[in-house]
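Inspection log for the structure reproduced underneath, given as structure tokens.
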Amino acid sequence: MIRPDAELLLEITDLHAAVEDKPILKGVNLQVRAGEIHAVMGRNGSGKSTLSKVLAGHPAYRVTGGSVRYRSQDLFELEPEERARLGVFLGFQYPVEIPGVSNLEFLRVATNARREKQGSEELDTFAFEDHVREKLAVVQMDPAFLERSVNEGFSGGEKKRNEILQMALLEPVVSILDETDSGLDIDALRIVAGGVNQLATTDNATLLITHYQRLLDEITPDYVHVMAAGRILRTGGRELALELEQTGYDWVDKELAAQGVA
Amino acid sequence: MTSSSTKDLVSQPYKYGFVTEIETDKIAKGLSEDVVRLISAKKEEPDFLLQFRLRAFRNWLTLEEPDWAELGYPEIDYQNIVYYAAPKQQDKKASLDEVDPKLLETFDKLGIPLSEQKRLSNVAVDAVFDSVSIATTYKEKLAEHGVVFCSFSEAVKEHPELIERYLGSVVSSNDNYFAALNSAVFSDGSFVFIPKGVECPMELSTYFRINSGDTGQFERTLIVAEEGASVSYLEGCTAPMFDTNQLHAAVVELVVLDDASIKYSTVQNWYAGDENGVGGIYNFVTKRGQCRGARSRISWTQVETGSAITWKYPSCLLQGADSVGEFYSVALTNNCQQADTGTKMVHVGPRTRSTIVSKGISAGRSSNSYRGLVQMGRNAKGARNYSQCDSMLIGDQAAANTYPYIRSQQPQAAIEHEASTCRISEDQLFYLQSRGIGFEEAVSMMVSGFCRDVFNQLPMEFAAEADKLLALKLEGSVG
């Protein structure tokens, strides 16, 4: 939902970033207000996943210029865990497996770290079990997954559900979902998208990083951005995604060539 | 790993590094037959024990220090060590109230309160300070059940027949270089005897404290569980920080008869030396249990976090039919520590079973080796072994090795071995961090997850302690 007077949650200005000295982001500008859903689309290598990692603070990505303000705070002054506690959430494209660490315990520690910042009381083991069981419904997840190690041996779909479960528990202000649709069959996609829709409110915002239109059939974005060569090349409404589906990304090359970038 | 914050994580100061100022009765440095006789005389020992020591000493002279372990250290000068040191106190303490308050205070500081009011309610403790046992709690209560739990020296005086019968019966005095040395000069330790059919009513525990800077510690532990008896025993160890190395060469012998069981747990936190490898304990230990009886069971659980050098292979000799041996180990090395540790499971009897679970964690520039032997004898028909050896590397300068030895003379025995090596990855850490979990907590979550199978084997009271200890030891190690 677009409301011009809603709180500005995320303000990305001329953002440049590199991996191992290779520049990937070359001047990204983006503003996200409360209540909005943004889709960032683009081909592989366009920089969209890098954008998500930089926002969450992955140590392998180095910010080389520009700024990001999260609720008027300098995001880059915060450690990754601080960002998470303040409500920045990254849904991973490939959630990692952590053998030996119980999923339930992990979810509880993470939830309590966020709750402390929210001023809510800490949940003990018993209270948390009740709490998490409610949230399982959001992604129709089998409670058996709570007893296992974090993501260990989970199928692609189960891992993504576990991501959205974390999102439900952490109640983020800005959620960045990196290719959450990749590797999902249509049923799993609907469940995951349904979860995201249930969690979207007028107070938070979602940034969907995706390759394909099909996720946007399930989650209606307010804005669609097309990234190429480390920048946002074009911004439009949801019709831009539909247009992309019909015309593909060929026009991107032409436009880049015209700009002398490609 | 790129994050620099990890590096500072490990350098948590060793909090047991203090020295107790106390007058000690120390003999001169050096080792000779006279020294062996002197130790025996100081302890007013019966002749059989003196002869045991002398045989061991003569054997020791013929043995060579083993060099097959993955350990490097400067030559040990055995003539530059004090072989007997004891805090001076009025002869025999009739009760705890007469123990030097300084000693009680020391153990208080170590978290092992001994006085009536403060002591642990469900654990009996034998406190060993340098070469002697200074106090044993709950002795009377245990005696009501027929359980003997006392210092080794006391056992020599009060139960010489048991000592004569069992001492050296599992680890002979010429078993290896360090066992021979221990047999010649051992000063004190603990003795446990659980009579037939008795389930020991509480946890037993010995706490070893090295205090002197130039003294070697050579303790001897002997635990006997008669038919149908059972006991759970835990040992803990700490030492002050000195910039010289101290030698610790202990021997532990376990004897288990029909249907009896001993669960032996160790939390070893000797001073490990500083981050440049200066100082620390040289820990050369021989631990072996003999499942003599049918359906007997020995379970070793060790959490090894201290010492500059660790050389230790708690083993099981599975003689009785259907006897069971278990070895659960977490060995953590950091900075310049070196550990070569593992077990030997020697299957003699039919249908004997053994389980080995070893978790090695290497951080800093340390080296951590698992060395284990599984042997199936000719008569070990239907015997089974399962071994699992996992290594975790933290940082990129640490080393992990696994040396499994398998010998089988019995075609109808089954041996399974699994091994893995993993590294705490940047992506795993980032994943946890991106969920609001701080860096240190993320590392400690992963490490304790890695060790969970072993920690689950520790007595309840100590499992949480072990978890905390590991987290402390790792502070600053991921860099």
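In what follows, every chain begins at residue 1, and chains take the letters A, B, ... in the order their sequences are listed. What you see below is based on every heavy atom in this structure, not just the backbone, and it leaves out hydrogens, waters and symmetry mates.
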Determine whether a donor-acceptor pair (N or O, by modelled atom type, separation under 3.5 Å) exists between the side chain of [X] and the backbone of [Y].
X      : Y      : result
A:E158 : A:S155 : yes
B:D340 : B:E70  : yes
B:N269 : B:T305 : no
B:N283 : B:K312 : no
B:S261 : B:R297 : no
B:N335 : B:Q337 : no

Have [X] and [Y] got a donor and an acceptor in their side chains that come within less than 3.5 Å?
X      : Y      : value
B:R353 : B:Y386 : no
B:S307 : B:Q268 : yes
B:N368 : B:S366 : no

Lys/Arg N to Asp/Glu carboxylate O, A:K159 vs A:E163, below 4.0 Å: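 Result for this pair is no, no salt bridge flagged.
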Toward chain B: residues of [range] with heavy atoms under 4.5 Å:
range                       : answer
residues 85-102 of chain A  : A:R85, A:F89, A:L90, A:G91, A:F92, A:P95, A:V96, A:E97, A:I98, A:P99, A:G100, A:V101, A:S102
residues 106-127 of chain A : A:F106, A:V109, A:A110, A:A113
residues 134-145 of chain A : none

For B:K344, which residues count as a salt bridge (charged side-chain N to carboxylate O under 4.0 Å, His left out) partner, sequence neighbours excluded?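 Scan of B:K344 (salt bridge (charged side-chain N to carboxylate O under 4.0 Å, His left out), adjacent residues dropped) gives none.
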Take the angle between the ring planes of B:Y313 and B:W311 and call it parallel below 30°, perpendicular above 60°, tilted in between.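 Judged by the thresholds at 30° and 60°, the geometry between B:Y313 and B:W311 is perpendicular.
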Under the criterion side chain to side chain contact (heavy atoms under 4.5 Å, CB included), which of B:E203, B:E326, B:Q457 is the partner of B:K263?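 Checked B:E203, B:E326, B:Q457 against B:K263; only one passes side chain to side chain contact (heavy atoms under 4.5 Å, CB included): B:Q457.
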Selection from B:R435, B:Q433, B:M446 maximising heavy-atom pairs under 4.5 Å formed with chain A: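 Of the options given, most contacts go to B:R435.
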